[in-house]
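By convention in this document, chain letters (A, B, ...) are assigned in the order of the sequence lines, proteins followed by strands, and residues within each chain are numbered from 1. Computed from a predicted structure; not experimentally measured.
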There are 2 protein chains.
Amino acid sequence: MKPREDIQNIYQTALAVFSEYGYQKATMEDIAGRLGMTKGNLYLYVKNKKDLYRKTVANALLCWQSRVLEAVGAETDVREKFRIMCAKAVQYLSEDNLLRNLLVRDPEIFPMFADRDPYAGINRNSVALIRSILQQGIDEGVFRPIDPDRISEVIFMIYKMFIIRMYIRAEDDRLHAMFEDTVDLCTRGLFSENA
Amino acid sequence: MKPREDIQNIYQTALAVFSEYGYQKATMEDIAGRLGMTKGNLYLYVKNKKDLYRKTVANALLCWQSRVLEAVGAETDVREKFRIMCAKAVQYLSEDNLLRNLLVRDPEIFPMFADRDPYAGINRNSVALIRSILQQGIDEGVFRPIDPDRISEVIFMIYKMFIIRMYIRAEDDRLHAMFEDTVDLCTRGLFSENA
DNA sequence: AAACAATTAAACAGTTTGTTTATTTATTTA
DNA sequence: TAAATAAATAAACAAACTGTTTAATTGTTT
């Protein structure tokens with residue numbers, strides 16, 4: 001007979017608790033209580049608190065990422081793919097109060113300058129998505145023949161900078177406008193074609 | 001030489017911490033840290049944690065109440081006084097994220113049906129304000145000669161019901177409209193004067 | 001009814017917290 | 001400038017809490 005509790009539900013519930021209280025103040029008893037079980041039972045589903053936290057965060061980042069992937073996949077025009085990717089990445093985060101609040105509480109999840117990125121694997125997937133769109137654009141002759149490896153890292157760095165600014169001050173609408181400006185600048189360039 | 005820390009600042013800082021984490025998870029070390037002192041020092045300013053919480057809440061309720069009192073005092077027409085009192089009471093709470101969040105975490109602060117009200121003294125002041133406006137209106141012949149003692153309790157009960165509904169679901173705009181409907185119903189009655 | 005699975009309740013070691021107090025640092029006074 | 005006083009920190013302490021494990025109980029399946 002399989003376990004009665006779904007691990008996805010555990011991650012979602014854990015996310016809510018970690019988001020509200022942060023890693024330190026959230027207790028295994030809090031999470032177990034929200035799940036309607038005792039903390040002893042929770043240990044049958046998860047290794048320990050730190051592992052639960054790490055997996056909870058990873059799960060949330062993956063969900064966010066896969067939503068973007070899905071939105072992009074629905075497009076055919078490579079330029080639209082790029083624009084959709086940029087727009088949805090930001091939109092889906094702004095809609096996810098739990099993940100955003102968690103990022104506020106634990107900025108190390110998504111560091112700007114840290115030596116080591118705890119979720120590097122997941123972020124590499126994001127870079128890979130960017131790279132695949134750039135490559136497709138170049139192959140179709142719709143994008144200029146830039147270095148897709150390097151430029152995908154650059155785009156991810158810029159994107160990350162905006163994400164960090166946005167979740168710190170979610171209500172600053174100027175940031176959204178500036179982000180759109182940046183997408184426009186990257187896609188259409190600065191120079192007028194007639195110059 | 002007087003204490004270096006202002007008790008009002010302590011209450012305001014404590015409110016922020018209790019609001020964010022709730023009484024249980026908030027620690028004296030959290031509060032002291034926000035104040036830039038050690039928890040040992042904090043005990044020179046406050047008796048103990050429970051006492052600090054009680055006074056912090058009382059202080060927040062008094063601030064809210066005195067802002068309403070001040071807005072009402074600026075009016076001369078008794079009908080406007082009544083409308084302003086109703087409107088500002090709700091508006092000031094909706095603007096106070098810290099107090100509202102604290103009420104969400106600890107509904108016993110402002111109970112609907114509890115046997116005992118922990119802040120009865122402060123709430124009696126609110127009832128007294130309502131009563132004084134009703135009495136002035138009756139004295140001036142502008143209000144119908146209702147029982148000011150009883151009706152002030154009734155108005156406070158209705159007001160409390162709305163407050164509780166509002167801080168539980170702060171984003172439900174229908175409640176604001178319904179509250180205004182209620183104020184209108186109370187002030188102008190249901191029957192048309194021409195009937 | 002027995003076996004197995006899932007969960008709870010209890011236990012435990014380590015950590016944290018509320019509170020107090022000894023010590024140190026800062027300020028004032030003579 | 002030294003002594004006295006005030007304010008704060010650091011350390012201590014008892015109690016409570018927490019992460020984790022395990023014995024006992026309850027639920028389900030065979």
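- Ion pairing between a basic and an acidic side chain is recognised when a charged N comes within 4.0 Å of a carboxylate O; B:Glu20 and B:Arg34 show such pairing.
- The shortest distance between the side-chain N/O atoms of B:Tyr43 and the OP1/OP2 oxygens of D:dA8 is not below 4.0 Å.
- What separates CG of B:Asn41 from P of C:dA26 is a distance of 14 Å, to the nearest Å.
- Here the nucleotide nearest the side chain of A:Thr38, chosen from C:dA9, D:dT9, D:dA8, is C:dA9.
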Identify the pairs formed between an N or O of the protein and an N or O of nucleotides 11-15 of chain D at a distance under 3.5 Å, and give each distance.
none

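- Of the charged side-chain nitrogens involved, none lies within less than 4.0 Å of a carboxylate oxygen, so that B:Asp184 and B:Arg83 do not count as a salt-bridged pair.
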Practice prompt. Show your working on side-chain hydrogen bond (donor to acceptor under 3.5 Å, both in side chains) between B:Thr38 and B:Asn41 and close with a plain yes or no.
Written response: CA-CA 5 Å; B:Thr38 60; B:Asn41 193 42; 5.5 Å; no

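- One atom, CG of B:Leu42, and another, P of C:dT20, lie 12 Å apart when rounded to the nearest Å.
- Applying the salt bridge (Lys or Arg N to Asp or Glu O under 4.0 Å) test to A:Arg54 and every residue at least two apart in sequence or in another chain returns A:Asp51.
- For A:Tyr43 and A:Asn48, the side-chain atoms include no donor-acceptor pair closer than 3.5 Å.
- In this structure, the side chain to side chain donor-acceptor pair (under 3.5 Å) partners of A:Lys88, at least two apart in sequence or on a different chain, are A:Gln91.
- Interface residues of residues 18-36 of chain B facing DNA chain C, ordered by number: B:Ala26, B:Thr27, B:Met28; criterion, heavy-atom separation under 4.0 Å.
- For the side chain to side chain donor-acceptor pair (under 3.5 Å) test, residues two or more places apart in sequence or in another chain that qualify with A:Asn59 are A:Gln8.
- Every residue was checked against the side chain to side chain donor-acceptor pair (under 3.5 Å) condition with B:Glu153, not counting sequence neighbours, and none meets it.
- Using cut-offs of 30° and 60° on the angle between ring planes, the pair B:Tyr23 and B:Phe18 is parallel.
- For A:Asp77, the side chain to side chain donor-acceptor pair (under 3.5 Å) test picks out no residue, with sequence neighbours left out.
- The stretch residues 48-60 of chain A touches DNA chain D through A:Asn48, A:Lys49, each having a heavy atom within less than 4.0 Å of the strand.
- Each of A:Leu44 and B:Lys47 lies near DNA chain C, and the nucleotide nearest A:Leu44 is the one positioned closer to the 5' end.
- Partners of B:Thr182 under the side-chain contact (heavy atoms from CB on, under 4.5 Å) rule, at least two apart in sequence or in another chain, are B:Ile158, B:Phe162, B:Cys186.
- Both key distances under 3.5 Å define a Watson-Crick or G-U pair, and stretches of 3 or more such consecutive pairs in DNA chain C run C:1-30 with D:1-30.
- With sequence neighbours excluded, the residues forming a side-chain contact (heavy atoms from CB on, under 4.5 Å) with B:Ala89 are B:Val68, B:Tyr159, listed by chain and number.
- Here A:Thr187 pairs with A:Phe82, A:Val183 under the side-chain contact (heavy atoms from CB on, under 4.5 Å) rule; sequence neighbours left out.
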